[in-house]
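Accompanying notes for the structure given below.
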Amino acid sequence: MSPRTAQSGTARFSPAQSYDAVIAGGGIVGAATALACAQAGLRVALVERDFMGGGATAAGMGHIVVMDDSEAQFALTRRSQQLWQAVSASLPAGAEYEARGTLWVAADDEELAEAARKQAWLAARDVPARLLSREELKALEPNLRDGLAGGLLVPEDAVVYPPVVALHFAREAQKLGATIISGQAVSRLADGEAVLADGTSLRAPRLVNALGAEAARLTPGLPIRKRKGHLAITDRYPGFVRHQLVELGYLKSAHSVSGDSVAFNVQPRATGQMLIGSSRQYGNEDCEINQPLLSAMLRRAALYLPAIANLSVIRIWTGFRAATPDKLPLIGASTTDPTVWLATGHEGLGITTALATAELLAAEFTGSQPAIAPETYLPARYALLYSG
Ligand SMILES: Cc1cc2nc3c(=O)[nH]c(=O)nc-3n(C[C@H](O)[C@H](O)[C@H](O)COP(=O)(O)OP(=O)(O)OC[C@H]3O[C@@H](n4cnc5c(N)ncnc54)[C@H](O)[C@@H]3O)c2cc1C
């Protein structure tokens, strides 16, 4: 059997197989990285413990959003959003990519001032964004409650169904010769070798840890904390909302570094369903639904969209974001092993930023010029923590 033969299900290899890069973790980040590396001509293996796109990627909302929390976050989200635009026509219908636009909702004059600041900041960086009066907001989204101050429409933001995209990327990589292994955990990722649960050894000079919130299991000492989130999805109510709606207060709650929080964040799906988010919680690593937090999240949604309380919610789930202390991902060489690269720590933006992450790593591996400066995302910024 050729080492480049695509695999699925449990596979046994002997002796060790060699690749240019072995990627552990078949979420959106690992799958996108496998595809980018395969497109760059590298011989790649992608190993997923369960099934492609089944981790945080399946739990996430799929909002592709340009963020302005910092210049580094902006660069990564904007570059990625443009890569999503470029790839969108080639995605399968099941990926449900739609350029819905984000509508940031301002509840009061203070938040409207924040919307104006954000608009000017984005305009200075060539990102289209339109400030909306309260009347324009109401005309665009009639189910929003009366009395809101206005909003900001960022039309190039989009939504997607992430697990389908992760599987699609893995299959595209496979078509280019990548070896895809699912249903097998990587038990060791170090010293140029990925050892699988069945003892198979895959050797490569570049090992990529793309294990999301579980990355520290194979690269101990990473500054990653699990940040739990709840989402709910309704039955089908086409047209109930038309844009991804997010409260401007989200910026305060999502980016607070401690404490439980909920924020109004509602997304219309191609199916006519509404995805209702979201919560953020540290220190709770079980998958159980937290009823008080869920209730607070649903109440928050009803505060902005009163009629949402009349819709039936058909499923609720939780997932874990991989959070870093400085809210930026870890993309690049690890500081502990010259054969290990990291692609984790994307917190609540990993669907958005998967493509730019993959592009950065593929550029690094092939020695080509990256589209954005890689320095701010390098794990080396945490060198002291690692060694501690
Ligand atoms: C509630 C919620 C809402 C979100 N909403 C958004 C959003 O709207 N927009 C956005 O951009 N992001 C969003 N996110 C964040 C986004 O979902 C994540 O950042 C992203 O999915 C991370 O992808 P990943 O590939 O790094 O991790 P994962 O998808 O978790 O993939 C890691 C993979 O590694 C596998 N694995 C683990 N251990 C092993 C092992 N030992 N061997 C092999 N494989 C292993 C796992 O099975 C998993 O499939 C949200 C997250 C949550 C929880």
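Nothing here was measured: the structure is a model prediction, and the numbers come from that model. Just follow the structure's listing: the first ligand is 1, and inside any ligand the first atom is 1.
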For the hydrophobic clusters of this structure (ILVMFWY residues joined by side-chain heavy atoms under 4.5 Å, transitively), does one cluster hold both Leu218 and Ile181? yes
So is Leu218 polar-close to ligand 1, meaning N/O to N/O under 3.5 Å? no
Measure from the side-chain N and O atoms of Arg269 to the backbone N and O of Val160, and report whether any donor-acceptor pair falls under 3.5 Å. yes
Any Lys/Arg nitrogen of Arg79 or Glu359 sitting under 4.0 Å from an Asp/Glu carboxylate oxygen of the other? yes
Ala185, any N or O under 3.5 Å of ligand 1 N or O: no
Quick check: Ile28 and ligand 1, any N/O pair under 3.5 Å apart? yes
Report yes if Gln184 has an N/O atom closer than 3.5 Å to an N/O atom of ligand 1; otherwise report no. no
Any nitrogen or oxygen of Phe51, side chain or backbone, less than 3.5 Å from one on ligand 1? no
For atom 9 (N) of ligand 1, find the nearest protein heavy atom and state the residue, atom name and distance (0.1 Å precision). His63 O, 2.9 Å
Counting heavy atoms under 4.0 Å, the part of Glu347 that contacts ligand 1 is backbone
re atom 31 (O) of ligand 1, the protein heavy-atom contact at minimum distance is Gly27 CA, 3.3 Å
Would you say ligand 1 has an N or O under 3.5 Å from any N or O of Thr352? yes
Look at atom 38 (N) of ligand 1 and say which protein heavy atom is nearest, naming residue and atom and giving the distance to 0.1 Å. Arg49 NH1, 3.4 Å
Ion pair Asp68/Arg117, N-O distance below 4.0 Å: yes
Which atoms of ligand 1 are found less than 4.0 Å from any heavy atom of Gly348? 6 (C), 7 (C), 9 (N), 10 (C), 11 (O), 12 (N), 13 (C), 14 (N), 15 (C)
Within ligand 1, which atoms have a heavy atom of Ala210 less than 4.0 Å away? 32 (C)
Under a 4.5 Å side-chain heavy-atom rule over Ile, Leu, Val, Met, Phe, Trp and Tyr, are Val241 and Leu298 clustered together? yes
Thr57 side-chain N/O to Ile28 backbone N/O, donor-acceptor pair under 3.5 Å: yes
Which residue and heavy atom of the protein sit nearest atom 49 (O) of ligand 1, plus the separation: Glu48 OE1, 2.7 Å
Is Leu42 reachable from Leu46 through a run of hydrophobic residues whose side-chain heavy atoms are each under 4.5 Å from the next? yes
Considering both backbone and side-chain atoms of Arg321, is one of its nitrogen or oxygen atoms within less than 3.5 Å of a nitrogen or oxygen in ligand 1? no
For Gly319, the ligand 1 atoms with a heavy-atom partner under 4.0 Å come out as 53 (C)
Ligand-side contact atoms (ligand 1) for residue partner Thr57, heavy atom cut-off under 4.0 Å: 21 (O), 23 (O), 25 (O), 28 (P), 29 (O)
Which residue and non-hydrogen atom of the protein lie closest to atom 17 (O) of ligand 1, and at what distance in Å? Ala56 O, 3.2 Å
Of all protein heavy atoms, the one nearest atom 34 (O) of ligand 1 is Gly25 CA, 3.4 Å
Heavy atoms of Met61 and Asn265 approach each other most closely as CE-O, 3.2 Å
Between Gly229 and ligand 1, is there a nitrogen or oxygen pair with a distance under 3.5 Å? no
Enumerate, atom names and distances included, each donor-acceptor pair closer than 3.5 Å involving a side-chain atom of residues 307-314, sequence neighbours excluded.
residue	atom	partner	partner atom	Å
Ser312	OG	Tyr237	OH	3.2

Heavy-atom pair of closest approach, residues Ala301 and Val266: CB-CG2, 4.4 Å
Shortest protein contact, atom 40 (C) of ligand 1 (heavy atom only): Val186 N, 3.7 Å
Compute the minimum heavy-atom distance from Ala24 to ligand 1 and say whether it is under 4.0 Å. no
For ligand 1, the portion of Val47 having any non-hydrogen atom under 4.0 Å away: backbone
Has the side chain of Trp84 got a donor or acceptor atom that lies under 3.5 Å from a matching backbone atom of Thr352? yes
Best match, Ala215, Gly350, Gly212, Gly345: closest heavy atom to atom 27 (O) of ligand 1: Gly212
Per the side-chain hydrogen bond (donor to acceptor under 3.5 Å, both in side chains) rule, which among Asp260, Asp286, Thr318, Asn290 passes with Lys228? Asp286
With the side chain counted from C-beta on, respond yes when Trp341 and Ile331 share a heavy-atom pair under 4.5 Å apart, and no when they do not. no
Subset of ligand 1 atoms that lie under 4.0 Å from at least one heavy atom of Asp50: 47 (O)
Write out the residue and atom name of the closest protein heavy atom to atom 24 (P) of ligand 1, then the distance separating them to 0.1 Å. Val29 CG2, 3.8 Å
Short question: side chain of Glu247, backbone of Phe264 - any donor-acceptor pair under 3.5 Å? yes
Proximity of Leu211 to ligand 1 by residue part, where a heavy atom lies under 4.0 Å: both
Check for me whether Arg225 meets the cation-pi criterion with Tyr282, that is, NZ or CZ under 6.0 Å from the six-membered ring centre and within 45 degrees of the ring axis. yes
Does an N or O anywhere in Met61 fall below 3.5 Å from an N or O of ligand 1? yes
Using a 3.5 Å cut-off on N or O atoms only, is Ala213 in polar contact with ligand 1? no
Give the intermediate values and the outcome of side-chain hydrogen bond (donor to acceptor under 3.5 Å, both in side chains) for residues Gln273 and Thr234. CA-CA 5 Å; Gln273 294 169 285; Thr234 71; 6.0 Å; no
